[in-house]
Number of protein chains: 2
Amino acid sequence: MSKRSATPRNARRPSVKDVAERAQVSLGTVSNVLNRPDRVSAGTRERVERAMTELGFVLNETARQLRMGRSNTFAYVMLDATNPFFTDVARGIELAAEKADLSLFLCNSDGRDARERAHLEHLQQQRVDGILITPVDPESAELERITLQGTPVVIVDRATTSGSFCSVTVDDRLGGRMAIEHLVDRGHTRVAYVGGPVSIGQVRERYEGACDAWRDAGHRDTDLIHVQTEALSVEEGRVAGERLAGLPKRARPTAVFCANDLVALGLLQQVISTGQRVPQDLAIVGYDDIAFAAGAAVPLTSVRQPRQALGRTAADLLIDEVNNPDHEHQQVEFTPELIARVSTLG
Amino acid sequence: MSKRSATPRNARRPSVKDVAERAQVSLGTVSNVLNRPDRVSAGTRERVERAMTELGFVLNETARQLRMGRSNTFAYVMLDATNPFFTDVARGIELAAEKADLSLFLCNSDGRDARERAHLEHLQQQRVDGILITPVDPESAELERITLQGTPVVIVDRATTSGSFCSVTVDDRLGGRMAIEHLVDRGHTRVAYVGGPVSIGQVRERYEGACDAWRDAGHRDTDLIHVQTEALSVEEGRVAGERLAGLPKRARPTAVFCANDLVALGLLQQVISTGQRVPQDLAIVGYDDIAFAAGAAVPLTSVRQPRQALGRTAADLLIDEVNNPDHEHQQVEFTPELIARVSTLG
DNA sequence: ATCCCGTTCTGAAACCTTTCAATGCAAGGA
DNA sequence: TCCTTGCATTGAAAGGTTTCAGAACGGGAT
């Protein structure tokens with residue numbers, strides 16, 4: 001640990017006024033140099049620019065926004081910044097925003113309602129031009145209120161019954177169906193669904209799709225074991241693994257469909273650590289096909305979602321909503337794809 | 001795809017002035033209700049608050065900032081938002097910021113210089129109170145300029161020779177040494193270091209630490225094979241694996257130390273896919289100990305860094321720099337820890 | 001009745017930028 | 001010489017908030 005002196009805090013920052021003074025021109029001219037350089041003669045422009053660098057002028061964006069009423073900034077409120085699925089979605093948004101010359105702020109609600117509310121409040125006060133969000137609760141009145149108050153919102157990866165937003169989703173019900181159909185095809189007859197809490201729309205939808213396929217295969221709904229988790233995390237996957245191991249042998253499933261890859265990876269670790277073989281003793285299907293699924297202890301079969309496209313599309317919808325006066329809200333739905341790997345193929 | 005009508009864009013948003021008018025009080029009183037409610041009589045306060053909700057008043061933070069000259073907002077410019085190491089660091093920062101009642105914006109430079117510059121420029125213009133950053137190039141004059149112009153900067157996970165910032169690092173040289181010492185202890189005599197580009201400080205430091213340990217073990221520097229990668233990603237890890245496989249059998253290393261876990265995981269996948277056994281045919285050590293390291297095809301030995309503590313400490317330093325008039329810059333260095341798993345233990 | 005004090009409320013100034021109507025100026029045409 | 005035209009520049013107003021010196025008011029003490 002070494003110590004040094006602190007950054008200067010005293011000096012007021014130079015404003016356009018200071019620049020104008022130094023360059024011997026008026027405020028308006030400085031502003032013109034900044035925003036319409038073509039309207040300024042070469043000589044004065046050069047003089048003004050010199051003054052700017054000499055003073056170390058940094059435009060005060062908050063003042064500009066105040067005057068202009070828009071910020072050219074979007075924000076994406078992520079549900080869980082440590083889940084690679086969402087960072088990939090964020091990347092899609094980022095690229096679209098960059099192309100449109102917009103700044104993007106990422107916020108992390110960390111799955112907590114209170115944190116999400118705080119972020120939304122702050123973003124609205126910051127007057128961002130629009131908000132993309134994967135909400136904790138898509139039906140929250142909060143979101144509706146925000147659009148009513150004039151900040152457009154696009155829902156990412158969540159369905160919503162409200163007509164106040166654009167939304168971009170993947171057909172989770174279909175994804176759930178694909179996972180179970182795959183397991184049924186492989187001959188499994190004792191199958192579990194691992195995921196929770198059911199307050200998460202995805203968890204419900206994937207479960208329903210799973211049930212659909214399960215019934216279509218001639219089974220009874222109630223035969224599909226549902227192991228609830230507290231969250232969709234690696235840790236919860238491990239816990240679920242222990243729960244399964246606790247079942248009497250003949251009630252134990254031969255295959256498991258997990259609500260996402262984090263849960264599947266946790267489950268996989270727990271299962272392997274107890275000496276069971278995957279898929280011989282237990283087949284596992286995950287969801288999302290994050291980059292680490294293919295590199296897992298046993299490469300994971302997973303339902304892939306078009307993550308970047310999801311983000312890009314959401315951003316494009318928001319851009320349209322902001323710029324296009326006769327924008328109409330759209331609900332875009334993508335289709336998932338099953339990627340079969342060793343964890344079910346053996 | 002269904003369509004609906006757009007969000008209202010026309011209506012000007014209500015300002016304190018509108019609230020004042022409606023509540024039959026002056027501007028100042030509304031401001032007092034907002035900022036010093038105790039100085040306002042219960043009756044008027046209630047009246048003003050009612051007016052606010054009736055009008056759907058949302059405070060204009062940009063105007064407030066303009067007036068106050070501070071924003072109560074930090075930003076963290078991440079080097080790679082898809083690398084779990086950085087999202088964990090971000091989480092540490094987030095928690096510290098939340099505790100101090102500060103908003104945090106995350107930006108992703110994606111390892112690109114241009115994107116980083118754009119973000120920094122924008123943040124500075126936004127007048128954030130401080131910037132945390134894992135820079136593409138810690139020696140960049142850009143960073144120095146920003147502090148000179150009055151925005152404090154804290155460097156996260158990168159060393160810097162400049163005395164203008166606080167910084168928080170982990171002893172990478174020691175980490176590199178630990179990795180190689182571990183491999184030497186396990187009896188390996190043909191070892192490779194995989195990582196690049198060398199323009200990344202980490203890549204260099206870990207390599208140097210590795211060389212130190214290698215020499216101490218009685219080997220010649222030049223015997224430590226250095227396989228360069230273009231980036232620290234899973235994909236580049238795979239490529240490196242192919243390169244190694246291309247070596248003549250007797251020149252091939254029996255153990256590899258990778259500059260981070262993403263590279264190690266990519267390498268691991270490639271190696272396994274060609275039918276080699278880990279660690280019998282090739283032992284692998286990673287770096288960072290991200291959550292997915294333990295759950296890899298072969299659980300990965302890795303050098304763990306205190307990720308959240310890194311972020312938390314960085315945020316605390318920045319908070320001190322912003323609030324404490326006689327703040328002094330500090331360089332905090334954490335110590336890494338080797339976590340041995342199957343990928344080297346067999 | 002007068003004075004003083006504390007509480008509550010007021011309104012103008014300041015923060016920094018953009019915009020726009022108006023001004024100044026030089027060159028070209030009549 | 002006088003007008004016109006077009007370009008370069010100016011300066012005040014506006015945008016929404018906070019601050020602060022001071023006004024208004026009510027009540028208690030004298």
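A note on names: the letters A, B, ... follow the listed sequences, proteins ahead of strands, and every chain is numbered from 1. Note that the coordinates shown come from a computational prediction; the quantities given were computed from them, not determined experimentally.
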| field | Side-chain donor-acceptor pair present, A:Gln331, A:Thr169, cut-off under 3.5 Å | value | no
| request: Could you check how far CZ of A:Arg67 sits from P of D:dA14, rounded to whole Å? | output: 9 Å
| task | Would you please confirm or rule out a distance under 4.0 Å between OP1 or OP2 of D:dT9 and any side-chain N or O of A:Ser41? | result | yes
| query | Expressed in angstrom and rounded to an integer, what is the separation of B:Arg64 atom CZ from D:dT19 atom C1'? | reply | 13 Å
| query | Nearest heavy-atom pair of A:Leu59 and B:Arg127: which atoms, and what distance? | reply | O-NH1, 3.4 Å
| task | Would you indicate which nucleotide in D:dT17, C:dT18, D:dT10 comes nearest to any side-chain atom of A:Thr29? | result | D:dT10
| task | Would you mind checking if B:Arg312 and B:Asp316 are paired as a salt bridge, meaning a charged N to carboxylate O distance below 4.0 Å? | result | no
| Would you say a side-chain N or O of A:Arg127 is under 4.0 Å from OP1 or OP2 of D:dG16? | no
| query | Starting at CZ of A:Arg39 and ending at C1' of C:dC20, how long is that distance when rounded to a whole Å? | reply | 11 Å
| query | Once you round it to whole Å, what is the distance between P of C:dC20 and CE of A:Met68? | reply | 12 Å
| Heavy atoms under 4.0 Å, any strand shown: does B:Val40 hit a base, just sugar-phosphate, or nothing? | sugar-phosphate
| Check: A:Met78 and B:Leu106 side chains under 4.5 Å, non-hydrogen atoms | no
| Got A:Arg91 and A:Arg307 here, is their nearest side-chain heavy-atom distance under 4.5 Å? | no
| field | side-chain N/O A:Thr44 vs D:dT9 OP1/OP2, d < 4.0 Å | value | yes
| query | So which nucleotide from D:dT10, D:dG16, D:dT18 ends up closest to the side chain of B:Arg12? | reply | D:dG16
| remark: Taking C:dT17, C:dC9, D:dG16 as options, the one with an atom nearest any side-chain atom of A:Phe57 is C:dT17
| task | For A:Val30 and for B:Ser26, find the nucleotide of DNA chain C with the closest heavy atom, then tell me which residue's nucleotide is more 5'. | result | B:Ser26
| task | Give the intermediate values and the outcome of side-chain contact (heavy atoms from CB on, under 4.5 Å) for residues A:Ile133 and A:Leu120. | result | CA-CA 9 Å; A:Ile133 183 171; A:Leu120 288 174; 4.0 Å; yes
| message | For the CZ atom on B:Arg39, are there more than 12 heavy atoms of other groups (residues, nucleotides or ligands in this structure) within a distance under 6.0 Å? | response | no
| Atom CG of A:Asn35 to atom P of C:dT18: distance rounded to whole Å? | 5 Å
| message | Looking at A:Ser15, I'd like to know whether one of its side-chain N or O atoms comes within less than 4.0 Å of OP1 or OP2 on C:dC16. | response | no
| field | B:Arg47 CZ to C:dT10 C1', straight-line distance once rounded to whole Å | value | 14 Å
| remark: Here the distance between atom P of C:dT10 and atom CG of B:Leu27, to the nearest Å, is 10 Å
| B:Ala63 or B:Arg45: which one's nearest nucleotide on DNA chain C is closer to the 5' end? | B:Arg45
| remark: Note on DNA chain C: ranges paired as stems (three or more Watson-Crick/G-U pairs in a row, both atom distances under 3.5 Å) are C:1-30 with D:1-30
| query | Rounded to the nearest Å, what distance is computed from the CZ atom of residue B:Arg36 to the P atom of nucleotide C:dC9? | reply | 13 Å
| said: If I compare all heavy atoms of A:His329 with all of A:Ser164, which pair ends up nearest, and what's the gap? | reply: NE2-O, 3.0 Å
| request: Please tell me which of the listed nucleotides, D:dT18, D:dT9, C:dC16, lies nearest to the side chain of B:Leu59? | output: D:dT18
